[in-house]
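Take a look at the structure set out below.
Computed from a predicted model, the values in this text were never measured in an experiment. Just so you know, ligand 1 is whichever comes first in the structure, and atom 1 is the first atom listed for that ligand. FYI, side chains are in, hydrogens and waters are out, and symmetry mates aren't considered; it's all heavy atoms of this structure.
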Amino acid sequence: MSSALYDGFIADYYDESPMVRGRVGDVAFYRDAVNEFGDPVLELGCGTGRITLALAEAGHPVTGLDISERMLERCNQKRARLPTEARERVHLVRGNMARFDLGEKFRLIIIPFRPMQHLLEVADQVSCLESVRKHLWADGRPTGERRGRLILDVFQTDAERMHDPAYQQEGLVAEYSMPDGRRVRIMERVMAFHRGEQRNDVEMIFYVTDARGKETRLVFAWTLRYFFRYEVEHLLARCGFRVSAVYGDFDRSPLGDGSPEMIFVAVAD
Ligand SMILES: C[S@@+](CC[C@H](N)C(=O)[O-])C[C@H]1O[C@@H](n2cnc3c(N)ncnc32)[C@H](O)[C@@H]1O
């Protein structure tokens, strides 16, 4: 498997960053979704296990799949600190969500906090959704089983912001302290706009200052793919899904002009 974007320094700074710590509404949202749609659950792009481990603690068997060895290592370390029963409900797999075959079925497959936006090519998005479909419980009639659900979230694209030259200048994203006292300042800038491909090359620059005042500059360079609502709906339809709900935030409010998120709940038809 090729080396993954998140195998760099980012894995060590991920959990502590305010962008991740401040993101609490999605955990409750996905917990409620499992109560509604059932388990077992598969999380694609599970990262350090923020959601996977919370679902296991809530009593659900969960498989977490991620391409990054280092993110999975962090997840494993956190899993080791869970009570035995919760720990045993978690199964971690290193794999590529663009194409996977786990040989089992799930009632719910979730793709939280935008891993879909790392799949830059339509071919990969399609093969991901096709893999998801194969892993979902089918209509269980006559046993009365409900059909499996897919839930994914991406940010709602502000088209003007996506090609606004102002974002080529470094802008402050967050400042925080690591548990060992190091100060972190995250700046972000767009290095290139690829409007025709709905992608931006972005740099997140971490300025890390240690106790002696020495500053280190670390760069997380990545390409983000942005989506529009009906593109995702068409993509889902193309891959054999029916969209049963679209939300604009994790409080289940409808998707509107100012909504920060686009959250799709889909049933495999
Ligand atoms: C923003 S993080 C989200 C992590 C986690 N879902 C959460 O909510 O905190 C994106 C994750 O997607 C993973 N990822 C990116 N591309 C992937 C791929 N092709 N297959 C599997 N995981 C991938 C990254 O390694 C990273 O852990």
Here's one to test your reading of the geometry: is the NZ or CZ of [X] within 45 degrees of the ring axis of [Y] and under 6.0 Å from its centre?
X: R252; Y: F250; answer: no
X: R185; Y: Y207; answer: yes
X: R114; Y: F155; answer: no

Kindly confirm or rule out an N or O of [X] lying under 3.5 angstrom from an N or O of ligand 1.
X: L119; result: no
X: M97; result: yes
X: D26; result: no
X: I67; result: yes

Less than 4.0 Å between a side-chain N and a carboxylate O, is that true for [Y] and [X]?
X: D39; Y: R89; value: no
X: E130; Y: K134; value: no
X: D164; Y: R161; value: no
X: R70; Y: D12; value: yes
X: E261; Y: R23; value: yes
X: R50; Y: E43; value: no

Would you say [X] contacts ligand 1, with heavy atoms under 4.0 Å as the rule?
X: R23; result: no
X: R114; result: no
X: G49; result: no
X: A4; result: no

Which heavy atom of the protein is the closest neighbour of [atom], given with residue, atom name and distance?
atom: atom 8 (O) of ligand 1; answer: R50 NH2, 2.8 Å
atom: atom 16 (N) of ligand 1; answer: H118 CB, 3.8 Å
atom: atom 5 (C) of ligand 1; answer: G45 O, 3.3 Å
atom: atom 19 (N) of ligand 1; answer: N96 OD1, 2.8 Å

For [X], take its heavy atoms, then give the atoms of ligand 1 lying under 4.0 Å from any of them.
X: C46; result: 5 (C)
X: S68; result: 25 (O)
X: M71; result: 27 (O)
X: P115; result: 12 (O)
X: G95; result: 20 (N), 21 (C)

Heavy-atom nearest option to atom 26 (C) of ligand 1, drawn from T48, D66, L120: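 It is D66 that holds the nearest heavy atom.
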Nearest candidate to atom 9 (O) of ligand 1, where distance is taken over non-hydrogen atoms, out of Y14, F113, Y6: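 The option holding the nearest heavy atom is Y14.
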Verdict with supporting geometry, R31 and E36, salt bridge (Lys or Arg N to Asp or Glu O under 4.0 Å): CA-CA 9 Å; R31 208 187 283 123; E36 188 175 347; over 6 Å; no
Contacts of Q117 that satisfy side-chain hydrogen bond (donor to acceptor under 3.5 Å, both in side chains) - sequence neighbours left out: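 Listed in chain order: nothing, the list is empty.
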Show the atom names and distances, to 0.1 Å, of all donor-acceptor pairs under 3.5 Å that link a side chain in residues 239-249 to residues at least two apart or in another chain.
from : atom 1 : to   : atom 2 : distance (Å)
R242 : NE     : D269 : OD1    : 3.3
S244 : OG     : V265 : O      : 3.3

